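Inspection log for the structure reproduced underneath, given as structure tokens.
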Amino acid sequence: MKWKRYMMATVCLVIISGSVVSCGFVRHPRHEIRSKRATNVVFLRMDNEATRLGLTQAQEEEYERLKKRVTLAMERDFDRFRRTPDEALTLFDEEDPGFETVVEGWKRRMAQAEDPRGKYLDYLVEFYNILDERQKGLFMEDLKKELERADRFHRTRRWG
């Protein structure tokens, strides 16, 4: 009878110590944009779509040129995004860095920068123009499914 109590106590002790130890070593993801990972995900999806559509040799060459331009644009945009805190710090280093002055300077700099979303939509249109009629139909079906999936995802997470 005693060995059952010892066994039960040992099992409970192992479970409790395992929980305590494992909770201490949980790594929390940092919320930062890793440009290499983001570009890899984007190009993986682009390549999968291009493969699924069955591009011809000429289309494949145009796609590779487009892909190089998108790569350069993404690197530039991520670099600009990484420099944003430095720009804010330079605004604070100016004489009399009142909060309103810093915010106005930041607004000015943001207004001067181009909006990257429109640029990437233009790249999407270029890719669409590479395709023939059959491929355009398949692409539009895929795009519609993706947008419906995203809409369902966002509808389930809305407040209210």
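Quantities reported herein were computed from a predicted structural model and do not represent experimental measurements.
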Subject >> side-chain contact (heavy atoms from CB on, under 4.5 Å) between Phe43 and Met74, intermediate numbers included >> reply: CA-CA 11 Å; Phe43 292 128; Met74 287 181 84; 4.3 Å; yes
**OP:** Assess whether side-chain contact (heavy atoms from CB on, under 4.5 Å) is satisfied between Glu146 and Arg45, documenting all intermediate values.
**Re:** CA-CA 12 Å; Glu146 260 320 291; Arg45 293 193 65 169; 3.0 Å; yes
Original post:
side-chain contact (heavy atoms from CB on, under 4.5 Å) between Arg149 and Arg152: does it pass, once the steps are laid out?
Top reply: CA-CA 5 Å; Arg149 184 185 66 81; Arg152 278 194 315 271; 3.9 Å; yes
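Residues forming a side chain to side chain donor-acceptor pair (under 3.5 Å) with Tyr120 (at least two apart in sequence, or on another chain): Asp77. With sequence neighbours left out, Phe127 forms a ring-ring contact (aromatic ring centres under 6.0 Å, His included) with Tyr63, Phe139. Remark: Arg108 engages no residue in a salt bridge (charged side-chain N to carboxylate O under 4.0 Å, His left out) (not counting sequence neighbours). Partners of Arg80 by side chain to side chain donor-acceptor pair (under 3.5 Å), not counting sequence neighbours: none found. For Asn129, the side-chain contact (heavy atoms from CB on, under 4.5 Å) criterion is met by Val125, not counting sequence neighbours. Listed by chain and residue number, nothing satisfies the salt bridge (charged side-chain N to carboxylate O under 4.0 Å, His left out) test with Asp122 (two or more places apart in sequence, or in another chain). Evaluation of the side-chain contact (heavy atoms from CB on, under 4.5 Å) rule for Leu147 yields Leu143 as partners, not counting sequence neighbours. Under the side-chain contact (heavy atoms from CB on, under 4.5 Å) criterion, Lys107 pairs with Val103, Glu104, not counting sequence neighbours. Under the side-chain contact (heavy atoms from CB on, under 4.5 Å) criterion, Arg65 pairs with Glu61, Glu62, not counting sequence neighbours. Under the side chain to side chain donor-acceptor pair (under 3.5 Å) criterion, Glu126 pairs with Arg69, not counting sequence neighbours.
Between the CG atom in Asp151 and the NZ atom in Lys144 there is a gap of 12.0 Å [rounded to 0.5 Å]. Atom CZ of residue Arg52 and atom CG of residue Asp142 lie 3.5 Å apart, to the nearest 0.5 angstrom.
Within the structure, side-chain hydrogen bond (donor to acceptor under 3.5 Å, both in side chains) pairs that include any residue of residues 130-140 comprise Gln59-Gln135 (at least two apart or interchain).
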